[in-house]
There are 2 protein chains.
Amino acid sequence: QALSEIVGMGGGGGDLQGTGARPLSKRRVDLHGFCKPSDFQRSPYLSARGNVANIFRGSTEEGYKAYHADKYDEDKNPNGIINFGTSENKLCFDLMSKRLTQTDMNLMEPPLLQYPDWKGHMFLREEVARFLTYYCKAPAPLKAENVIVLNGCGSLFSALATVLCDPGEAVLIATPFYGGITQSVFLYGNVKLVYAYLDSKITGTSTRPFQLTVEKLEKALQDARAEGVTVRALILLNPQNPLGDIYSLSELRDYLEFAKRHELHVIVDEIYMLSVFDESATFHSVLGMDRLPDPQRTHVMWGISKDFAVSGIRFGTLYTENQDVANAVASLCYFHGVCGPVQHKVAQLLRDREWINQVYLRANHARLKAAHTYVTDELKTLGVPFLNRNAGFFVWIDFRKYLKTGTFEEEMLLWRRFLDNKVLLSCGKAFECSEPGWFRIIFADKTHRLQLGMQRIRKVLEEREQEILAEEKEQPCQSEQDGKADSTDEVIFVSHHQEPNCAGGSNLGDLIGLLQQQMRSSDWLQKNSEKAEQFA
Amino acid sequence: QALSEIVGMGGGGGDLQGTGARPLSKRRVDLHGFCKPSDFQRSPYLSARGNVANIFRGSTEEGYKAYHADKYDEDKNPNGIINFGTSENKLCFDLMSKRLTQTDMNLMEPPLLQYPDWKGHMFLREEVARFLTYYCKAPAPLKAENVIVLNGCGSLFSALATVLCDPGEAVLIATPFYGGITQSVFLYGNVKLVYAYLDSKITGTSTRPFQLTVEKLEKALQDARAEGVTVRALILLNPQNPLGDIYSLSELRDYLEFAKRHELHVIVDEIYMLSVFDESATFHSVLGMDRLPDPQRTHVMWGISKDFAVSGIRFGTLYTENQDVANAVASLCYFHGVCGPVQHKVAQLLRDREWINQVYLRANHARLKAAHTYVTDELKTLGVPFLNRNAGFFVWIDFRKYLKTGTFEEEMLLWRRFLDNKVLLSCGKAFECSEPGWFRIIFADKTHRLQLGMQRIRKVLEEREQEILAEEKEQPCQSEQDGKADSTDEVIFVSHHQEPNCAGGSNLGDLIGLLQQQMRSSDWLQKNSEKAEQFA
């Protein structure tokens, strides 16, 4: 389970086995009842940062536990929870199992059983360089000496944050984004994120919802600087998770030029680059650009977990021309090592271009597209707006009309309502989305699970609709529904806009918010002892 | 290559391909020539701590590079470097390759290809619990829920240091010790080590050289506290690396009671526990004790890299009853994940008790013993004192009589002389040994390499002896040789004692010393910008 998939999903314990269809007012009471910050005792055995790590786990593990304690299984547990929350591709285990058990994979020679170069075995780095040259359409062959391999992109975020930033310094990122990055840069590195908030409004230079523009990056950077925060880098996700956006070459160039102007490193996460499942869309890797504006500050990451549907095989890679960065990261690679025999397997996989192109990618893209079509057709039938994209495993869905007052507390209640009805989604809060009511669904799953999951979602939404109608009859003045569906081929979208809502209350969402606030405070770990008391 | 094996070996570049037998005076000039601190430019692309990571690599990679650029191979490169530096068991690849390629190992089921529980798959944690219960002779079955698995014990040191200590706090350890721990607790965690210096003198309560006593721990702790350093934990290595010592039950109890009195966590590294190769020696795991003085503060680590001769398969495990520590470490395990298919392999390996006992351990212990006997017999022939132990892969050797003035600079020159003569050892400085002149030899290697390596060592020592004789003739007053061999069955040992020598000079050893000094300074990373300038 990716950390990102857990944190901010709203976890929280106590009432997970409760029945789903109780009225909202009742649930609200439960929520306040089961999750007080005081439940999280400061442990006398841990350091202040150890307590943060412990609380992160404590506050988020429940949703994960709920799923693992009650996993859906077609035969053995048909009433179990369907997982639309974890960003995994479950459509290609057949292909991958078959390929990974072929005889060329099973090598156990002495060099693979000895300590490796912590940057990765050279045979693998060479293979990665060839692979990226080809799939990123690099104008000149990429070099093995610029490649580092380690056990996943989470580790890479941790290592890069540590070598590029000192404690309390920051990295700029646009929201909504894959929430695991927050912990990846903070838990070891004590690096915080500075947010450029995107929203769904289409105004001015934003011609699509949640559009990333240089203006928004500039504003976030200036705001951070005004607050005395030192920003060292910009993170770009391309294809974007959870939006599914792919950046055009000119957009990429704009972002990179912005970073260059401000001497910011750019960390480009292209982990979904081969999961663009519609031929109408073209992905552009920064490694494919004719000229990088600031090559010494441009660092590209990729891994096999998403594009090859094997999140359990821990492998990520960094491509950077900057040898200082490469060497500093390599020192940390001691903590992120990949087994020798696995390095052999990955090299074999990456070099099998014919199988990848003729067998794997064809099947994978067709399966992803069919699954995406199924889920988005269902959403259309339900009249639910969503971003209609063709990259990644996710659909970004606008459930705002199912919130009465448009608060994150309501969003969490809706998230829990889904879980009570045995379908696990990710709520917008988990991605630091500024508008309450957005959810991410992972569609890269088998048809029977998609059908059942969508059925459960439909049930919740229909019930919720009825409740809102009933509540509106009681209090007709409080209706705020003014959104209207804007249905184009690319985007089905409600332009209704709400400001971020900061409603209080001692629920889990707030606790996570408090934690994240702490993490944004530059001197948090310095003031450790007093701060840690806050959790007592 | 284990980080420990690289750092402090004295690396340094420039003259690695130089011929070996030049006079000392000439070499000294070279040394000053090739390695000035100013060679290490502060990189403008890195944070202060990123620069430390980069310099660590820069300053230490050369020895490692020299070996990898010129590896000995019986057929292809008979004049290449023999590696007696890296603590690996090269005696059992045949057995391990065979076992790891049997059909039960090659499983690729979907759960192994998906995100795991970051504490490790339950099937593996259960197997680890059973394995440790059996081999540690636990009085009651150990529990799977107290087990965490991750990608190596270096990662575990990093994670434990981070969750037990805040930045600038410290962990107590006796020297000499496996030097990689320094970086493991510092690079991410910014945790420093406080040293209890052991020495070779036999006096008072110390009945063996480098004996660890509670008095020495008490003194180091009080000294650190007097300097305002907060010490949170004690690290015990058992069997000890590089000494090869095994602690008796009563010694273990004393150390644990000491820690309890001071509310220190104890991290017990038992990674060589199955590499006790003589039946006359009995290893006692703390997990085998009837009663732990402070179970909530006792954390035990083990891994397969040493005992199963597979350092390339990244797997380490933590056993702790403290669920706060377990949960906090588990949050960090996201960065230290082990591939699902590898978790299956390790579980299969650990459960095959019959193969382990009847085939593997018998062969491994016999091979280790034979190799140890060969090397120690050679040392006896050479008249070189050493600690005669029967655990681990190393012999701790007293080369002090080959130093003229007993300085660490001379130690490094001797280390480089060995390297120039194509045999790589580890010098005492790499283990923070307080007495210059001690070296560690890894003997867990094939006979033909042991023979050739010992031949090269003999050549260096004989040349060195001649030089010292010649120098003494020139300057007879400077002789300080007063050691005498003390040859018992257990220890062959010179009781000659020298105080740590702090002679200056801008060589690599000093730079490493400076770095380590920085790391010991509690507020080093806070004062980052000024400090980083020191390297410019």
Side-chain angles (χ1 to χ4, degrees), chain A residues 1-3 43 45-50 53-54 56-58 86 88 93 96-97 100-101 106 108 110 112-117 151-152 154-155 158 162-167 187-188 296-297 310-314 322 324-325 327-328 330-332 334-342 525 528, chain B residues 1-3 43 45-50 53-54 56-58 86 88 93 96-97 100-101 106 108 110 112-117 151-152 154-155 158 162-167 187-188 296-297 310-314 322 324-325 327-328 330-332 334-342 525 528:
Chain A
Q1 180 91 357
L3 203 56
S43 167
Y45 298 109
L46 300 175
S47 61
R49 58 186 174 182
N54 188 25
F56 256 115
R57 190 155 176 97
T86 307
E88 288 186 312
F93 294 138
M96 292 306 296
S97 290
L100 290 173
T101 46
N106 205 12
M108 284 287 163
L112 298 177
L113 300 181
Q114 293 183 251
Y115 284 115
D117 181 340
N151 69 339
S155 303
S158 178
T162 300
V163 308
L164 300 179
C165 307
D166 276 311
L187 284 181
Y188 267 131
Q296 287 295 308
R297 287 197 181 83
V310 284
S311 27
I313 296 186
R314 310 305 306 145
N322 188 317
D324 292 338
V325 172
N327 286 330
S331 282
L332 295 175
Y334 176 51
F335 310 116
H336 307 301
V338 181
C339 284
V342 174
L525 281 182
N528 51 62
Chain B
Q1 180 90 358
L3 203 57
S43 167
Y45 297 108
L46 300 175
S47 61
R49 58 187 173 182
N54 188 25
F56 255 115
R57 191 156 176 98
T86 307
E88 288 186 311
F93 294 139
M96 291 306 296
S97 289
L100 289 173
T101 46
N106 205 12
M108 283 287 164
L112 298 177
L113 300 180
Q114 293 183 254
Y115 285 116
D117 181 339
N151 69 338
S155 303
S158 178
T162 300
V163 307
L164 301 180
C165 307
D166 276 310
L187 283 181
Y188 266 130
Q296 288 295 308
R297 286 197 181 84
V310 284
S311 28
I313 296 188
R314 309 305 305 145
N322 188 318
D324 292 338
V325 172
N327 286 329
S331 282
L332 296 174
Y334 176 51
F335 310 115
H336 307 301
V338 181
C339 284
V342 174
L525 281 183
N528 50 63

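Proteins get letters first, then strands, A, B, ... in listed order; numbering begins at 1 in each.
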Task: NE2 on A:His336 to OG on B:Ser158, rounded to 0.5 Å - done: 7.5 Å
Task: Heavy-atom proximity to chain B below 4.5 Å, by part of A:Pro341 - done: side chain
Open item on the list: Quick check for you: among B:Gly152, B:Gly337, B:Cys339, B:Gly50, which has the greatest number of heavy-atom pairs under 4.5 Å with chain A?
Closed with: B:Cys339
Open item on the list: For B:Met108 versus A:Ser97, what's the shortest heavy-atom pair and its separation?
Closed with: O-OG, 2.7 Å
Open item on the list: Holding to side-chain contact (heavy atoms from CB on, under 4.5 Å), I want the full list of residues that pass it with B:Val310, two or more places apart in sequence or in another chain.
Closed with: A:Leu113, B:Met96, B:Leu100, B:Ile304, B:Phe308, B:Ile313
- [ ] Hey, could you give me the OG/CG distance between B:Ser43 and A:Asn327, rounded to the nearest 0.5 Å?
- [x] 10.0 Å
Task: Proximal component of B:Asn106, with respect to chain A [non-hydrogen, under 4.5 Å] - done: both
- [ ] Compare every heavy atom of A:Phe93 with every heavy atom of B:Pro110, then report the nearest pair and how far apart it is.
- [x] CB-CD1, 3.6 Å
TODO: Indicate yes or no for a side-chain donor-acceptor contact from A:Ser47 to the backbone of B:Thr162 under 3.5 Å, with no hydrogens or angles considered.
DONE: yes
- [ ] Between chain B and each of A:Leu112, A:Val338, A:Asn322, count heavy-atom pairs under 4.5 Å; write down the option with the most.
- [x] A:Asn322
TODO: Would you check if B:Val163 and A:Asn54 make a side-chain contact, meaning some heavy-atom pair closer than 4.5 Å?
DONE: no
- [ ] Let me know if B:Val325 has heavy atoms under 4.5 Å from chain A in its side chain, its backbone, both or neither.
- [x] both
Open item on the list: For B:Asp324, which atoms come within 4.5 Å of any heavy atom of chain A: side chain, backbone, both, or neither?
Closed with: both
Task: Pairwise distance CZ(A:Arg314) to CZ(B:Phe335) - rounded to 0.5 angstrom - done: 11.0 Å
Open item on the list: If I compare all heavy atoms of B:Ser331 with all of A:Ala53, which pair ends up nearest, and what's the gap?
Closed with: OG-O, 2.7 Å
TODO: With sequence neighbours excluded, tell me which residues meet side-chain hydrogen bond (donor to acceptor under 3.5 Å, both in side chains) with B:Ser311.
DONE: B:Glu88
Open item on the list: Below 4.5 Å, heavy-atom pairs only: which of A:Gly154, A:Gly340, A:Cys165 has the largest tally toward chain B?
Closed with: A:Cys165
